[in-house]
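Since this is a predicted model, take the numbers as computed values, not measurements. Both counts, for ligands and for their atoms, begin at 1 and track the order of listing.
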Amino acid sequence: MKTGIYPGSFDPVTNGHMDIIERSCKLVDKLIVAVLINPNKDAGLFSIEERIEMLKESTKHLLNVEIDSFSGLLVDYAHYKNASIVVRGLRAIMDLEREMQMAQINKNIAAEVETVFLVTRAKYSFLSSSAVRELALFNGAFDDLVPAYVSAKLKSKLE
Ligand code: PNS
């Protein structure tokens, strides 16, 4: 059984993430979407539990997708989950440097784990969780950028 991991912060999950999840879950038997618990980063807008809940709600139509969280090194988590593939989305050239660095570091410490990049659909190439948070904070429109459940959560969070 081929297991893939799609790791990220997902604060919150966007339609760009959803695009990558929906496409990559067809490439593996099981896709684990894993939210990073990062003690070195600010708390963020949503708690880890809220991010997980939004991901669960938004992916409930995808039968081979599991939602989880992890801390520590991604490759250690991949070993723990018996996963051989890490999925990442590439929006534009701005992502390439950081993504290549992460993939090469991971390859260096765990040669058996492959990072697979999916190029984001053009209509989502500008989209990021931080842009969505900012729009939400300053009353910009974000309804078509995130799943409906996330949109409702954002509205109630910022009320
Ligand atoms: O959504 P993000 O914030 O771009 O995701 C970044 C993530 C979670 C993929 C990355 O920070 C990560 O893998 N962190 C775990 C720590 C790790 O394994 N570091 C070594 C590779 S740089």
*Might you point out which heavy atoms bring Leu154 and Pro12 nearest each other, and give the distance in Å?*
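Reported closest heavy-atom pair: CD1-CG, 4.4 Å.
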Is there any protein N/O under 3.5 Å from an N/O of ligand 1, and what does the full list of such pairs look like?
unit_1   : atom_1 : unit_2 : atom_2 : d
ligand 1 : 1 (O)  : Ser9   : N      : 2.9
ligand 1 : 3 (O)  : Ser9   : OG     : 2.6
ligand 1 : 4 (O)  : Arg88  : NH2    : 3.0
ligand 1 : 4 (O)  : Arg98  : NH1    : 3.0
ligand 1 : 4 (O)  : Arg98  : NH2    : 3.3
ligand 1 : 5 (O)  : Arg88  : NH1    : 3.4
ligand 1 : 18 (O) : Leu74  : N      : 2.8

*Indicate yes or no: does Glu66 engage Lys30 in a salt bridge with an N to O separation below 4.0 Å.*
yes
*asked:* Tell me whether Lys123 is salt-bridged to Asp19, with the criterion being a basic N under 4.0 Å from an acidic carboxylate O.
replied: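 No.
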*According to the ring-ring contact (aromatic ring centres under 6.0 Å, His included) rule, which pairs have a member within residues 66-87, sequence neighbours left out?*
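Checked against ring-ring contact (aromatic ring centres under 6.0 Å, His included) - neighbours excluded - the pairs reaching residues 66-87 are Phe70-Tyr77.
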_Do Phe117 and Ile93 land in one hydrophobic cluster if side-chain heavy atoms of ILVMFWY residues count as linked below 4.5 Å?_
yes
*asked:* Assess, by modelled atom type and distance only, whether the side chains of Asp11 and Ser129 contain a donor and an acceptor separated by less than 3.5 Å.
replied: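 No, no side-chain donor-acceptor pair sits under 3.5 Å.
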